[in-house]
Amino acid sequence: MNAKEGALIAGNWKDKNMTIAQALAWADAFNGFRPTSLLRPNLQLVLFPPATAIYPLRQRLLNLEHTKTMLEQGALAIGTQESSPAEGEKVRVSGSLHPNLLIDPEIGASYALLGHSERRLHFKETDELIAKRLGLAMKYGLKPVLCVGETLNERELGTAKDVVKRQLGILDALSPEIRQTMTIAYEPVWAIGTGKNADPSDANDMCGFVREVSRAKRVIYGGSVTSDKAAEFFKQPEIDGALPGGASEKANEFFGIAQAASNLL
Ligand code: PGA
């Protein structure tokens with residue numbers, strides 16, 4: 001990571017683990033670590049809770065001393081894991097969250113997570129669909145965090161870079177200026193939720209490749225990141241932060257990961 005461009009740490013809370021009560025307890029615990037100590041002009045923290053927890057979580061964060069300051073300063077932001085791909089004069093979609101609802105000031109989402117491998121796998125999200133979600137999210141001012149990464153099979157076949165390049169192909173339609181505002185998360189599928197990390201120098205190599213192809217502002221790494229391993233990744237020059245999932249559901253782990261980044265900035 002490099003202090004000039006800064007870092008982004010985003011917690012990706014999974015679907016069944018964060019009831020509203022759990023999300024509120026997380027907020028209280030996180031605030032208890034006095035997280036304003038992490039404030040750096042170039043460190044951005046983002047939480048991606050399940051949709052049901054976005055509103056109550058943000059209200060709680062706004063009512064706690066440290067997290068309130070962080071939200072008000074923009075150092076902490078809330079994102080959505082779901083946003084609609086479809087819009088048109090006559091288009092009305094059931095079961096989807098349109099970005100217009102998410103940017104409602106009462107909800108206050110400002111980031112959108114897109115292209116996660118679990119969505120590609122379980123919801124059969126194609127690059128084409130992800131491109132539509134991305135376009136609509138950006139049209140409404142949501143900042144995207146686009147996930148890319150190869151499966152174990154693709155890695156063993158030696159096609160990891162080809163796969164990532166194909167997934168990043170959806171950026172071809174975007175101007176260089178827009179790309180330069182974006183965050184891409186390189187997440188090898190075999191490292192997600194498995195406790196197996198990519199080797200930091202391999203992850204660095206892949207993140208460098210992602211940066212070259214995407215020409216994005218930030219490239220972060222995801223896949224079983226925990227507080228004790230985070231610094232090893234953040235010391236790599238091509239890795240600008242992390243997208244922890246399971247670990248981020250524990251306030252102390254998320255704080256520890258953010259602290260590892262803050263210490264290097
Ligand atoms: P993990 O999840 O940290 O639990 O591997 C990462 C992710 O899903 O983004």
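As a basis for the values below, the full set of heavy atoms in this structure was taken, side chains included, without hydrogen atoms, waters or symmetry mates. Both counts, for ligands and for their atoms, begin at 1 and track the order of listing. Since the model is a prediction, treat every value here as computed from it, not as a measurement.
The existence of a salt bridge linking Lys217 and Asp240 is excluded, since no basic side-chain nitrogen approaches an acidic carboxylate oxygen closer than 4.0 Å.
Within the listing of ligand 1, atoms 3 (O) sit less than 4.0 angstrom from a heavy atom of Pro244. Counting the atoms of ligand 1 from 1 in the order shown, those under 4.0 Å from a heavy atom of Ala191 are 5 (O). Counting the atoms of ligand 1 from 1 in the order shown, those under 4.0 Å from a heavy atom of His116 are 7 (C), 8 (O), 9 (O). Within ligand 1, counting atoms from 1 as listed, the ones closer than 4.0 Å to a heavy atom of Glu187 are 6 (C), 7 (C), 9 (O).
If you look at Ile192 next to ligand 1, the close heavy atoms, those under 4.0 Å, come from the backbone and the side chain alike. Both the backbone and the side chain of Ser224 come within contact range of ligand 1, each with a heavy atom under 4.0 Å.
Here the heavy atom of the protein found nearest to atom 4 (O) of ligand 1 is Gly246 N, 2.8 Å. Closest to atom 3 (O) of ligand 1, if we only count protein heavy atoms, is Gly245 N, 2.8 Å.
Checked against a 3.5 angstrom limit, the closest N/O atoms of Thr194 and ligand 1 fall outside it. Between Gly222 and ligand 1, no N or O atom pair is found at a separation short of 3.5 Å. Some N or O of Gly193 is nearer than 3.5 Å to an N or O of ligand 1, by distance alone.
Without hydrogens or angle criteria, Arg58 side chain to Ile78 main chain gives no donor-acceptor distance under 3.5 Å. Trp13 places a side-chain N or O within donor-acceptor distance of the main-chain N or O of Ser248, the cut-off being under 3.5 Å.
Side chains of Leu114 and Ser83 form a contact here, defined as non-hydrogen atoms less than 4.5 Å apart. The side-chain heavy atoms of Gln81 and Arg119, taken from C-beta on, include no pair separated by under 4.5 Å.
For the side-chain hydrogen bond (donor to acceptor under 3.5 Å, both in side chains) condition, the pairs that include at least one residue of residues 252-265, sequence neighbours left out, are Arg40-Ser262, Ser227-Glu253.
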